[in-house]
Amino acid sequence: MKELDKKYNHEEVENGKYETWLKKNLFKCEEESSKKPFCIVLPPPNVTGVLHLGHAWNVTLQDIIIRYKKMEGYDCLWLPGMDHAAIATEAKVVKRLKDKGINKYEYGREKFLEACWDWTKEHGDIIREQWAKLGIALDYSKERFTLDEGLSKAVRKVFVDYYNEGLIYRGEKIINWDPEAKTALSNEEVIYKEVEGAFYHLKYKLEDSDEYLDVATTRPETLFGDTAVAVNENDKRYQKFVGKNVILPIVNKPIPVITDEHADMEKGTGVVKITPAHDPNDFEVGNRHQLERIVVLNDDGTMNENAGIYQGMSREACREKLVKDLEEQGLLLQIEPLKHEVGHSERTGVMVEPMIKKQWFVRMRPLADHVLEVQKDKKKKVNFVPSRYEKTMNHWMEITYDWCISRQLWWGHRIPAWYKEDEVYVGMEAPKGDGWVQDEDVLDTWFSSALWPFATLGWPDNTKLLEKYYPNQCLVTGYDIIPFWVNRMTFQGEKLLGQRPFEDVLIHGLIRDKLGRKFSKSLGNGIDPFDMIDSYGADALRYYLASDVAPGTDMRFDEEKIKAAWNFINKLWNASRFVLTNIQGLQKISLDYLKNEDKWILTKLEKTIHEVKKFMDKYQFNNAASTIYEFTWNYFCDYYIEIAKYSLDQESTKSTLCYVLTSVLKMLQPFMPFVTEEIYSHMPIKEEACLMTCSYPKQVKKYIFEKEEEAVDDAIEFVRRFRNIKAENNMSKELKVMFDTEDDNNIIVKMLKLDGNIVKQPLGMKAYKVFSKYIKATIFFERVETEADKVLKENQIQVLKASIERREKLLANENYVKKAPEKIVELDRQKLAEEKKKLEELLKDESID
RNA sequence: GGGCGUUUAGCUCAGUUGGUUAGAGCAUCUGCCUUACAAGCAGAGGGUCUGGAGUUCGAGUCUCUAAACGCCCACCA
């Protein structure tokens, strides 16, 4: 058995381990076993790029769950995969081709898709390497891609069934148009940003009259599509105009003045221009009044032939020129500056254009209503951690409307619809016969990822995998994609399989920079998690990511904390070295003849195990981590190992060291798999070849010794007070100590290295009393009392007096004694007695000199 | 406009069902190369928990209210 290296070197420790784990098939699920299943599907990262810190956080949390559950005896399946990310990837590939001077449309669909597959392969390989560096326990035998054959089958199945059921339809509606990517977008893909705009007040003259209406608009360039002007029917100001025509400026065309509920008397001038082809509200108005729909924009965002002389201009240029022309013609009444929110494309960043288009939609109401119904049932609902995020989903379900799923892109699942003149065929395969042309469009990338929890398990076929691992037990994702993904998986799972897709959803936040800003390219504040791994190791990064914040909250990145995590690992490493060199040759762990300190550390350990499991089960890894940290550093290293140094020849000491360290390694394994496996491999006694296949520690009641725990706690308390007094008084090593209590003060003598300094009689030197609950001693030392000493003692007395007074008052309060739990009251009584004793001694002490 | 979150030590964060004198890491100060660890050890200082009101024997924790910051959703002709 090779010894542990003198220095903890994360690079050496982590190097090669992942490959070994893969070779040993340690990450594979055990389909055939009778163990209870625990399944997580990995939120598939987009193949657009490589993994960032947010991904590292996301997968670390999942890996901790999976590794924990494996040790807890579950058959775990953590299913990896990637997302083709239709629009995002397409944008990247378009750019790559453009840089080479190639135009997507000239290149052609087939070759373009080849380029997309190349891109996917390249980035997929990088991502897999990154997963390996992070050490995550993915079952690669089940890896999937959102654009693979299986997903394609599932997608087509859903599309066809929904179409036949009337849940998917094709229709002309106002959709969000991305003029850069030249595709429709869903509501969720539009981000509203505040921009500096203006209210343009335009003069719509009454036909054959000098009178006019003041029409305010933020989008003057859409006036070419105006087909009416609306006022509220109760608006007395404009009643006389209703039924008449106004002349559309520039176009010089009469359009009617109508009444419609959409016109709000309170807003603006109370007159609203109606552009049915470019505004969702106006579209509805147009439907109510059978107004013509005039599209004025081309797909690339330039003005079309309906814009007359402005044809070919960009939206922005047209607005500028138009406003100038209106002003010249005296048709511009006023420009009122206005800050307002305008929709931008999530992917390309350009302003989104509401446009009327023929697209495919999912009818959302019935699907969403069903989820709302299910969420009322505690046994059937999706449980969010933290629970507040349930509201985010429910609210979305309440207000969502039909989902535009067709995209005018090439990279994605092609819509399984074929057209022949006026006929439409929707089916799993192309229809027989000539003349059928398939829909050119593909589906929203989220349409396929919404099927991820079950399509990856073989749905729509009724596979064993599906039967065993659906519903998934858990999903881990950021709150920012609840609308895009979690919600959609939920309604699809409910509809298609009649069950929630996952029992729990663990939500985490976003990682921000040290100043709380989002990471962004323009700020240049990005952190590459793999740089951090190079510097501190994956274990340190993982521990940091898992332990920094409570579930559901954002995290501010702080490299100092990774350093602190590294220090902790280094501490573990050194403690392990100490233990390993001292338990060489240990044959078996025997915990039958235990000393007080052994019983003490075992008790602390068993209590720690209980706490840690409680936190792990609630996904509170931050609390679990700090509980283990405290035990390892503050109890095991700071006290037990120090005391153990005096009895390293004893079996009980060796056994206890071995047993405790093994338990610590097990608890830390999910957080820091590399280093814990490395240390475990050197242990002389092992229950399994690998730590990760060991069982998780369970609290053993017989190793809880309350009496000994209290006694050693008290001894430690004494040691702490002793050291304090020693430090505050600048005592030399030559001090002498007289114990006033009969107890076995073995531990204290060792901890304080008092051997040879113990006296049986008081000495004629300055004396100082030290107390804990059970132990009392006098320190004698050579030193002249200074003014500072007196002040210090006086302060101590004051603090004690105040505390005693507070407690006496509290205990004199009948209400408190009557209503508070007895335990609490009893504790106060004890504490009071102690304090009184201490005060008495302290006061008496003044006479000793 | 609707909803949600945050506000605790100099900084970053914990704080379970209300219950001893509110914790950690980092930073600061003091003393130590004590043979696992100086990336360490020992000791210390530092917060009344954003403000106000209430419920309670008891509030960082529950209720109401105000403020600052942040996020989500919707709308703005």
Side-chain angles (χ1 to χ4, degrees), chain A residues 4 6-8 187 192 197 199 215-219 222 229-230 262-264 267-275 279 281-282 285 338-342 386 388-389 391-392 395-396 398-399 479-480 482-483 509-510 512 514 516 544 547-550 552-558 560-561 563-582 611 614-615 618 620 622-623 625-626 629-630 634 637-638 641-642 645 719-720 723-728 730 753 799 802-803 806-807 810 813-821 823-828 830-832:
Chain A
L4 226 46
K6 189 124 192 175
K7 275 262 168 204
Y8 166 55
N187 207 24
Y192 287 86
F199 251 142
V215 179
T217 177
T218 54
R219 311 228 26 219
T222 62
V229 165
H262 169 58
D264 187 336
K267 269 187 196 161
T269 57
V271 188
V272 53
K273 70 193 215 36
I274 303 298
T275 323
D279 181 282
N281 288 314
D282 294 4
V285 177
L338 172 78
K339 272 186 193 168
H340 61 151
E341 305 270 312
V342 176
R388 63 171 181 273
Y389 287 107
K391 286 182 198 158
T392 309
H395 182 244
W396 187 90
E398 278 159 16
I399 61 154
Y479 60 70
D480 53 326
I482 293 173
L510 304 175
R512 300 168 177 283
K514 216 179 164 179
Y544 159 63
S547 65
D548 195 42
V549 293
T553 52
D554 287 351
M555 183 192 299
R556 285 190 191 205
F557 179 79
D558 188 351
E560 289 301 314
K561 289 190 180 182
K563 277 187 198 165
W566 191 97
N567 286 353
F568 176 45
I569 297 170
N570 188 46
K571 186 75 181 175
L572 177 72
W573 182 265
N574 282 304
S576 301
R577 265 180 54 221
F578 175 83
V579 172
L580 285 167
T581 54
N582 286 296
E611 281 288 290
K614 199 180 75 189
F615 288 133
K618 291 197 280 190
Q620 293 181 12
N622 58 325
N623 289 331
S626 54
Y629 182 102
E630 193 198 2
N634 303 124
C637 293
D638 286 351
I641 287 184
E642 291 306 321
K645 283 176 181 171
V719 167
R720 283 191 47 244
R723 284 172 174 166
N724 180 342
I725 288 165
K726 205 178 142 191
E728 302 263 306
N730 276 322
K753 303 188 196 314
V799 168
S803 184
R806 191 191 62 89
R807 242 182 265 278
L810 191 64
N813 182 337
E814 267 182 50
N815 267 324
Y816 171 69
V817 178
K818 217 159 50 190
K819 292 186 183 173
K823 264 190 195 167
I824 304 288
V825 179
E826 189 46 42
L827 216 54
D828 262 317
Q830 272 184 26
K831 211 77 185 177
L832 180 63

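For the numbers below, each heavy atom of this structure counts, side chains included, while hydrogens, waters and symmetry mates do not. Every chain is numbered from 1 and lettered A, B, ... according to where its sequence line falls, protein lines coming before strand lines.
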[atom1] atoms of [N] and [M], separation to the nearest Å:
N      : M      : atom1 : value
B:rC29 : B:rG46 : P     : 16 Å
B:rG52 : B:rU61 : P     : 13 Å
B:rU65 : B:rG23 : C1'   : 30 Å
B:rA22 : B:rG31 : C1'   : 28 Å
B:rC71 : B:rC64 : P     : 25 Å
B:rU17 : B:rC13 : P     : 22 Å
B:rG25 : B:rG70 : C1'   : 25 Å

Hey, is the side chain of [X] poking within less than 4.0 Å of OP1 or OP2 on [N], counting only N and O atoms?
X        : N      : answer
A:Asn574 : B:rG40 : no
A:Asn187 : B:rA74 : yes
A:Arg388 : B:rC4  : no
A:Asn281 : B:rC76 : yes
A:Arg807 : B:rU20 : no
A:Lys645 : B:rU34 : no
A:Ser626 : B:rC13 : no
A:Asn724 : B:rA44 : yes

Mind checking if [X] touches a base, just sugar-phosphate, or nothing, with heavy atoms under 4.0 Å?
X        : value
A:Thr217 : sugar-phosphate
A:Trp566 : base
A:Asp554 : nothing
A:Asn813 : sugar-phosphate
A:Gln620 : nothing
A:Pro483 : nothing
A:Ala216 : sugar-phosphate
A:Thr581 : nothing
A:Ala565 : nothing
A:Ala820 : base
A:Tyr389 : nothing
A:Tyr629 : sugar-phosphate

Counter-base of [N], judged by Watson-Crick or G-U geometry with both distances under 3.5 Å:
N      : result
B:rA39 : none
B:rG1  : B:rC73
B:rU28 : B:rA44
B:rU16 : none
B:rA9  : none

(request) Using only heavy-atom distances, determine whether the side chains of A:Tyr479 and A:Asp554 contain a donor-acceptor pair under 3.5 Å. (result)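 Short answer, yes.
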
(message) Would you say A:Lys561 and A:Ser547 are linked by a side-chain donor-acceptor pair, where the criterion is simply a distance under 3.5 Å?
(response)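 No, no side-chain donor-acceptor contact under 3.5 Å.
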
From [options], pick the nucleotide closest to the side chain of [X]?
X        : options                : result
A:Arg723 : B:rU16, B:rG43, B:rA39 : B:rG43
A:Asp638 : B:rC41, B:rA36, B:rA14 : B:rC41
A:Glu341 : B:rA39, B:rC75, B:rU20 : B:rC75
A:Ile399 : B:rG43, B:rA74, B:rA36 : B:rA74
A:His340 : B:rG43, B:rG15, B:rC76 : B:rC76
A:Lys618 : B:rU16, B:rG15, B:rG19 : B:rU16
A:Lys571 : B:rG19, B:rG40, B:rU12 : B:rG40
A:Ile824 : B:rA14, B:rG19, B:rA39 : B:rG19
A:Tyr479 : B:rA14, B:rC71, B:rU12 : B:rC71

(request) Return yes if the base of B:rC4 and the side-chain atoms of A:Lys391 contain a donor-acceptor N/O pair under 3.5 Å, otherwise no. (result)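 Donor-acceptor pair under 3.5 Å: no.
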
(message) At less than 3.5 Å, do the side-chain atoms of A:Glu642 and the base atoms of B:rA36 form a donor-acceptor pair?
(response)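 For A:Glu642, whose side chain was compared with the base of B:rA36, there is a donor-acceptor pair (under 3.5 Å).
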
(request) Determine, step by step, whether A:Trp566 and A:Tyr544 satisfy the ring pair (Phe, Tyr, Trp, His ring centres under 6.0 Å) criterion, reporting the C-alpha distance in whole Å, the side-chain angles of both residues, the deciding distance to 0.1 Å, and the verdict. (result) CA-CA 9 Å; A:Trp566 191 97; A:Tyr544 159 63; over 10 Å; no

(request) Identify, between A:Thr218 and A:Glu611, the residue whose nearest nucleotide on RNA chain B lies closer to the 5' end. (result)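 Result of the comparison: A:Glu611.
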
(message) One thing to verify: whether A:Lys614 and A:Glu611 come together as a salt bridge, which I'm taking to mean a side-chain N less than 4.0 angstrom from a carboxylate O.
(response)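 Looking at A:Lys614 together with A:Glu611, the answer is yes, because their closest N to O distance falls below 4.0 Å.
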
(request) Could you pull out the closest heavy-atom pair between A:Asp279 and A:Asp282, with the gap in Å? (result)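 Looks like OD1-N, 3.0 Å.
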
